[in-house]
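This report refers to the structure that appears directly beneath it.
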2 protein chains.
Amino acid sequence: MYKEVLTVKQKKIARYAKAMGHPIRMYILELLSKQSCCYSGDLTEELPIAKSTLSQHLKELKDAGLIQGEIEAPKIKYCVNKENWEEAQNLFREFLKL
Amino acid sequence: MYKEVLTVKQKKIARYAKAMGHPIRMYILELLSKQSCCYSGDLTEELPIAKSTLSQHLKELKDAGLIQGEIEAPKIKYCVNKENWEEAQNLFREFLKL
DNA sequence: ACCTTTGTTCGGTAATTAACGAACAACTAT
DNA sequence: ATAGTTGTTCGTTAATTACCGAACAAAGGT
């Protein structure tokens, strides 16, 4: 049992950063942060990846808490998870010491 | 030959984010951004990981361009890479739309 | 010269990540 | 009831990541 040196904040920001650590996911996040929502079908068309791959990236972002999906049958509408997005913003801001 | 949808900025920020995607590396970055420099020996003592593992994490950060090492024999002094650090700051700021 | 300190590299293992196409599930619309 | 749309899951493959201890390399001090 040793002293834990890593802070909760460091772990949280690392978790968010990890989710942001892929160009495709950055593309999605940037899109969502600009226009708040989109359908994953739109992404499939724009992005040069298989739909199964896209599905995985969306899951990544969802698991990290940065986005959320809402069923609008037969589609799914994705939006930023406002609460966590703001937390991430604050963590990054603080880290970048503004 | 299809249209490239990913921007240079998205790729760059993803690269930086990926390097930040581990708690240990966040710890190191936060330390360096606060006090500008440190010796890796200090880190070895504080952090609960093998020195070989630490060496790898430092290499990650170096390869991403976020830090740089200067030999001060027999130690190595690590500092943030100011130029790239500022680029990263700007990219994140812009992305977080401040 | 020799020992110590410091950090990298090597070899190995285990887990995770990224990607694809095919198959499947859920729901809509006809 | 059937066909189409949409997205997830599965199985597979390849590459990368994380971690360790041991071995190695470089430099400093004695």
Side-chain angles (χ1 to χ4, degrees), chain A residues 2 4-6 10-29 31-32 37-79 81, chain B residues 2 4-6 10-29 31-32 37-79 81:
Chain A
Y2 63 86
E4 178 63 87
V5 291
L6 302 173
Q10 280 159 359
K11 288 178 187 168
K12 275 189 179 178
I13 199 169
R15 183 73 187 83
Y16 287 129
K18 194 180 173 191
M20 291 166 57
H22 192 290
I24 294 278
R25 296 198 290 268
M26 278 307 304
Y27 177 93
I28 296 167
L29 283 176
L31 187 71
L32 289 184
C37 287
C38 79
Y39 295 100
S40 95
D42 306 341
L43 296 172
T44 314
E45 284 172 25
E46 294 170 52
L47 295 171
I49 56 173
K51 60 178 180 170
S52 55
T53 306
L54 174 61
S55 187
Q56 275 186 11
H57 282 307
L58 288 168
K59 181 168 161 34
E60 278 280 329
L61 291 170
K62 231 187 308 175
D63 290 349
L66 287 170
I67 68 171
Q68 59 195 19
E70 191 183 333
I71 296 170
E72 274 190 20
K75 299 184 180 182
I76 296 180
K77 189 175 74 174
Y78 283 100
C79 312
N81 181 316
Chain B
Y2 63 86
E4 178 62 86
V5 291
L6 302 173
Q10 280 159 358
K11 289 178 189 170
K12 275 189 179 178
I13 200 168
R15 183 72 187 84
Y16 287 129
K18 194 179 174 193
M20 291 166 57
H22 191 289
I24 294 276
R25 295 198 291 266
M26 278 307 305
Y27 176 91
I28 296 167
L29 283 175
L31 186 70
L32 289 185
C37 288
C38 79
Y39 295 100
S40 97
D42 305 343
L43 296 171
T44 315
E45 284 172 25
E46 294 170 51
L47 295 170
I49 57 175
K51 61 179 179 169
S52 55
T53 306
L54 174 62
S55 186
Q56 275 187 8
H57 283 306
L58 289 169
K59 182 169 161 33
E60 278 281 328
L61 292 170
K62 232 187 308 176
D63 289 350
L66 287 170
I67 68 170
Q68 59 195 17
E70 190 184 335
I71 296 171
E72 274 191 20
K75 299 184 179 183
I76 297 180
K77 190 174 72 175
Y78 284 100
C79 311
N81 180 316

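Letters go in sequence order (proteins before strands), and every chain restarts at 1.
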Pair B:Leu66-B:Met20, side-chain contact (heavy atoms from CB on, under 4.5 Å): steps then yes or no: CA-CA 9 Å; B:Leu66 287 170; B:Met20 291 166 57; 4.3 Å; yes

Rounded (10°) bend between the five-pair end axes of the helix from C:dA1-D:dT30 to C:dT30-D:dA1: 20°

Which atom pairs, donor and acceptor, lie under 3.5 Å between side-chain atoms of residues 11-19 of chain A and protein residues at least two apart or in another chain?
unit_1	atom_1	unit_2	atom_2	d
A:Lys12	NZ	A:Glu87	OE2	2.6
A:Tyr16	OH	A:Glu87	OE1	2.6

Rounded interatomic separation in angstrom, taking NZ from A:Lys75 and C1' from D:dT6: 9 Å

Qualifying residues under side chain to side chain donor-acceptor pair (under 3.5 Å), relative to A:Glu60, sequence neighbours excluded: none

Could you state the CG-P distance from B:Asp63 to C:dT9, rounded to the nearest angstrom? 10 Å

Contacts satisfying side-chain hydrogen bond (donor to acceptor under 3.5 Å, both in side chains) that involve residues 47-57 of chain B (not counting sequence neighbours) are B:Arg25-B:His57

For the pair made of CG in B:Asp42 and P in C:dT5, what is the distance, rounded to whole Å? 16 Å

Heavy-atom protein contacts under 4.0 Å, nucleotides 18-30 of chain D, coded B base, S sugar-phosphate only, - none: SBBBB----SS--

Write down the distance between OH (B:Tyr39) and C1' (C:dT6), rounded to a whole number of angstrom. 13 Å

Restricting to salt bridge (charged side-chain N to carboxylate O under 4.0 Å, His left out), what partner residues turn up for A:Asp42, sequence neighbours left out? none

With sequence neighbours excluded, residues passing salt bridge (charged side-chain N to carboxylate O under 4.0 Å, His left out) with B:Lys59: B:Asp63

Output the rounded distance in Å from CG (A:Leu58) to C1' (C:dT17). 16 Å

Which residue pairs pass the salt bridge (charged side-chain N to carboxylate O under 4.0 Å, His left out) test when at least one of the two sits in residues 67-79 of chain A, sequence neighbours left out? A:Glu72-A:Lys77

For B:Leu43, the side-chain contact (heavy atoms from CB on, under 4.5 Å) test, sequence neighbours excluded, returns B:Tyr27, B:Ile28, B:Leu31, B:Cys38, B:Leu47, B:Leu54, B:Leu58

Atom-to-atom span, CE of B:Met20 to P of D:dT17 - whole angstrom: 16 Å

